[in-house]
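What follows is a short report on a single structure.
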Amino acid sequence: MINRDPKWLTYLRILGLGVWMIITLFPLYWILLTSLKPANQIAEYPVRYWPREFSLENYASLFNKSQFGSYLLNSIVVSAAAGVVGTAIALLSAYVLSRFTFRGKGAVMLAFLVTQMIPAFIALGPLYQMFTNLGLVDSRFGLVLIYIAMTIPFSSIMLRGFFDNVPDSLEEAAMVDGCSRFGALWRVIVPVMTPGIIATFIFNFVNCWNELFLAVTLINTDSHKTIPTALNSFISSFNIEWGPMSAAAVLTILPTMVLFAFASRWIVAGLTQGATKG
Amino acid sequence: MSSLSGETAGGVGARRTRPAGRRREFNGRTALTMLAFLAPAFVFVLVFTYYPLLVGGQMAFRQWSLWDLTSTPFIGWGNFQTLMADPAFTRVMWNSVIWVVGSLVPQFIIGFLIALALRKKFRFRGLYQAVVFYPWAVSGFLIGILFRWMFNSEFGVVNDLLMRFGIVEAPVPWLADPDLALVAVIVANVWYGVTFFSIMILAALQSVPDELYEAAALDGAGRARMLFQITIPTIRTTLVLTVLLRVIWIFNFPDIIYAMTGGGPADQTQIATTWMIKFTQQGEYGLASALGFITMGVLVVFTGLYLALLTREKKS
């Protein structure tokens, strides 16, 4: 590098990044702290930045007073199922979008992109009606179906970005050796693309894990609720109990945070490739 | 299979010439495979996204409610007229604009600065990014809950910090005061959205070749000149598209407001999409759809103007 930064700029950069890190992490620290305070110390003013004692009673009361275990399990199952199936389906469509030129390809891409801009609320009523007719209201399986549809467009675009980085010659060689196209995809491309596929799956999983409005509209029975739906019922009640609420928030955030931290590099790569090559 | 042999030689480098070569493949098996590969994705998106959207479009012109699915009389522009006549309508549209601009500008500036600061490699950069990008993995709804707790007027940490630093003297009723509630939800949204800007801009910055800066440095250009004459022009496309996507996204993003204030007090934080939620919850799907169309229309007009202005500016 010819162009070295002067000292003051380096310090300024470190200072700025440090300050931003504190600002970013503080809400997380705060909710974690609240969840670990004994119930009688949550409503304290002035607030304490380090509690006098730590306690897990908020977590205990969360599991005792609500069916949080079922919400957790529902969220895991629904998100994992939709994530796996959605990623698999998107893998196939992304392959076609990356490898072939055909009439109407632009239209397909556009149809995928437009889904990202539609306000979900236009479709909510009709979806509810459709699910009533199909007997899928209040069904976790129905939720999985919608979530699959929700994940496909964007993950197709994202996976296409990853496919573009894998040379055609790889699967062509496999096909010359007698593989079918699907066989070549499965045996040769998928192993090479594993990081991208995992990143896309995590992205989809997290999106389903966080989805609120479809779940709220379609799920009524308490034991069928996913975590966001349950949290929504908590905040709709007049008096929010902030202790158990914080505990619930921590349990909701931590798993996705860990997953994202693990895959963030690939996700960023996939997003930017998908975005720049559209 | 014979049709494939011609392409093997081309490989990745020949991407541009691909269309001519690929057309030949459009016989029998390959076309069928393509169709089979695309079909599942298409079926899902058509059935669960486009079909409901079409029905919803029709519903905007019908009196429709959740409580009576059997009778949905056609009422023409009735829903639109009801909306426009509602005294909350102007308020909601203004709030939407304030919400978008107030969130976008700080997000963009802070996100840009962070991306610039992260451009040079340093030892813990990967770790730093993983840590600082975490809001991305959290839903807007939960972010809303987090900030609702922090802005709590009785036990909130925001008030406590402001008082400790002597900025205010008594606790401020952030979410109950009509003038302050909008500020509070925007603060939460700025905090949440910076990450996306940093990611996109950082990715774009890494595509600017170092040689450009080296050449500019030889010419004696200062940092500010490099920023405005090299960095920004080179990543212009990313900036333009990111801003456009963000405007659309923030406009259509009710989650934080929904969780923090539910649109209140007195509709002071109500934006178009939270208003739609309110209608949906009341079973007024016709009104919700009509409002959805109005907001889509606003966005389409905005996108058109934005892109037209940009292309004209580029030509001149």
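Because the structure is a prediction, the values reported are computed rather than measured. Within every chain, numbering begins at 1; the chains are lettered A, B, ... in the order of the sequence lines, protein sequences first and strands thereafter.
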Next on the checklist: For the aromatic rings, using the six-membered ring if either is Trp, is the centroid distance between B/Y258 and A/F213 under 6.0 Å?
Outcome noted: yes

Next on the checklist: Need one label for B/F251: side chain, backbone, both or neither, based on atoms under 4.5 Å from any heavy atom in chain A.
Outcome noted: neither

Next on the checklist: To the closest 0.5 Å, what do you measure between CZ (B/F141) and OG1 (A/T229)?
Outcome noted: 8.5 Å

Checklist entry - Which atoms of B/L53 come close to chain A, meaning under 4.5 Å heavy atom to heavy atom: side chain ones, backbone ones, both, or neither? => result both

Next on the checklist: Please classify the contact between B/V43 and chain A as side chain, backbone, both or neither, with a heavy-atom cut-off of under 4.5 Å.
Outcome noted: neither

Checklist outcome for this item: The interface call for B/P135 against chain A, heavy-atom contacts under 4.5 Å, is side chain

Next on the checklist: Test: side-chain hydrogen bond (donor to acceptor under 3.5 Å, both in side chains). Region: residues 31-50 of chain B. Which pairs qualify, not counting sequence neighbours?
Outcome noted: none

Next on the checklist: Less than 4.5 Å apart, side chain to side chain, heavy atoms only: is that true for B/M276 and A/L124?
Outcome noted: no

Item to check | B/V157 and A/Y49: CA distance, side-chain angles, deciding distance, side-chain contact (heavy atoms from CB on, under 4.5 Å) verdict | outcome: CA-CA 9 Å; B/V157 67; A/Y49 293 81; 3.5 Å; yes

Next on the checklist: Quick check: closest heavy atoms across B/F147 and A/P27, and the distance to 0.1 Å?
Outcome noted: CZ-CG, 4.2 Å

Next on the checklist: Testing the basics here: between B/A117 and A/R13, what is the closest heavy-atom pair and its distance to 0.1 Å?
Outcome noted: O-NE, 3.1 Å

Next on the checklist: Once rounded to the nearest 0.5 Å, what's the spacing between atom CD1 of A/I235 and atom CE of B/M260?
Outcome noted: 11.0 Å

Checklist entry - Among A/N232, A/I14, A/L12, A/I240, who wins on heavy-atom pairs under 4.5 Å with chain B? => result A/N232

Checklist entry - Where on A/T10 is there a heavy atom nearer than 4.5 Å to chain B: the side chain, the backbone, both, or neither? => result neither

Item to check | B/F155 and A/W242: CA distance, side-chain angles, deciding distance, side-chain contact (heavy atoms from CB on, under 4.5 Å) verdict | outcome: CA-CA 10 Å; B/F155 321 110; A/W242 282 105; over 6 Å; no

Next on the checklist: Could you tell me if the side chain of B/I110 sits less than 4.5 Å from the side chain of A/W20, heavy atoms only?
Outcome noted: yes

Item to check | Structural part of B/N152 lying under 4.5 Å from a heavy atom of chain A | outcome: side chain

Item to check | Between CD1 on residue A/I227 and OG on residue B/S139, distance to nearest 0.5 Å | outcome: 10.0 Å

Item to check | Region of B/T242 that comes under 4.5 Å of a non-hydrogen atom in chain A | outcome: neither

Next on the checklist: Counting C-beta onward and ignoring hydrogens, is there a side-chain heavy-atom pair between B/M150 and A/F26 closer than 4.5 Å?
Outcome noted: yes

Item to check | Proximal component of A/L9, with respect to chain B [non-hydrogen, under 4.5 Å] | outcome: side chain

Checklist entry - Relative to chain A, which segment of B/N252 carries a heavy atom at a distance below 4.5 Å: side chain, backbone, both, or neither? => result side chain

Checklist entry - CD/B/Q281 to OG1/A/T217 distance, rounded to the nearest 0.5 angstrom? => result 8.5 Å

Item to check | A/L17 portion near chain B, given a 4.5 angstrom heavy-atom threshold | outcome: both

Item to check | Residue among A/L259, A/L185, A/T256 with most heavy-atom pairs under 4.5 Å to chain B | outcome: A/T256

Item to check | Under 3.5 Å donor-acceptor, B/Y134 side chain and A/I253 backbone | outcome: no

Checklist entry - Checking B/Y192 against chain A: side chain, backbone, both or neither under 4.5 Å from a heavy atom? => result neither

Item to check | Atom group of A/I23 that falls short of 4.5 Å from chain B, counting heavy atoms | outcome: both

Next on the checklist: I need the minimum non-hydrogen distance between A/P126 and B/P52, along with the two atoms involved.
Outcome noted: CG-O, 3.4 Å

Item to check | Donor-acceptor under 3.5 Å (A/N210 side chain, B/G140 main chain) | outcome: no

Checklist entry - Do A/I122 and B/F293 have side-chain heavy atoms sitting under 4.5 Å apart? => result yes

Checklist entry - Relative to chain B, which of A/F260, A/W209, A/F182 shows the most heavy atom pairs under 4.5 Å? => result A/F260

Checklist entry - Atom CZ of A/R99 and atom CE of B/M34: how far apart are they, to the nearest 0.5 Å? => result 13.0 Å

Item to check | Taking every non-hydrogen atom, the tightest pair across A/T24 and B/V132 | outcome: CG2-O, 3.5 Å

Checklist entry - Where on A/Y147 is there a heavy atom nearer than 4.5 Å to chain B: the side chain, the backbone, both, or neither? => result neither

Next on the checklist: Please give me the minimum heavy-atom distance between B/F44 and A/I152, naming the atom from each residue.
Outcome noted: CB-CD1, 3.7 Å

Next on the checklist: Within a 6.0 Å radius of atom OH on A/Y29, are there more than 12 heavy atoms belonging to other residues, nucleotides or ligands?
Outcome noted: yes

Checklist entry - Do the side chains of B/R148 and A/M245 get nearer than 4.5 Å, heavy atoms only? => result no

Checklist entry - Measuring heavy-atom distances to chain B, does A/N207 have an atom under 4.5 Å in its side chain, in its backbone, in both, or in neither? => result neither

Checklist entry - Quick one: what part of A/L28 sits under 4.5 Å from any heavy atom of chain B, side chain, backbone, both or neither? => result both

Checklist entry - With a 4.5 angstrom heavy-atom cut-off, which part of B/R164 approaches chain A: side chain, backbone, both or neither? => result side chain

Checklist outcome for this item: When the 4.5 angstrom heavy-atom criterion is applied to A/L145 and chain B, the contacting part is both

Next on the checklist: Whether the B/W149 and A/T34 side chains hold a donor-acceptor pair (N or O, under 3.5 Å, no angle test) is what I'd like checked.
Outcome noted: yes

Checklist entry - At a heavy-atom separation under 4.5 Å, does A/M150 approach chain B through its side chain, its backbone, both, or neither? => result neither

Item to check | Which atoms of A/A43 approach chain B - backbone, side chain, both or neither, heavy atom under 4.5 Å | outcome: both

Item to check | Region of A/L212 that comes under 4.5 Å of a non-hydrogen atom in chain B | outcome: side chain

Checklist entry - Are any non-hydrogen side-chain atoms of A/F121 and B/T295 less than 4.5 angstrom apart? => result no

Item to check | Side chain / backbone / both / neither for A/A94 at chain B, heavy atoms under 4.5 Å | outcome: neither

Checklist entry - Between B/I248, B/V55, B/I114, B/T273, which residue shows the highest count of heavy-atom pairs closer than 4.5 Å to chain A? => result B/I114

Next on the checklist: Test of understanding: with side chain to side chain contact (heavy atoms under 4.5 Å, CB included), list the residues that count as partners of A/L134, not counting sequence neighbours.
Outcome noted: A/M130, A/L136

Checklist entry - If you count heavy-atom pairs under 4.5 Å with chain A, which of B/L54, B/V194, B/L116 comes out on top? => result B/V194

Checklist entry - Where on A/V47 is there a heavy atom nearer than 4.5 Å to chain B: the side chain, the backbone, both, or neither? => result both

Item to check | Heavy-atom closest pair, residues B/F48 and A/A149 | outcome: CB-CB, 3.5 Å

Checklist entry - Which bit of B/I145 is near chain A, if near means a heavy-atom gap under 4.5 Å: side chain, backbone, both or neither? => result both

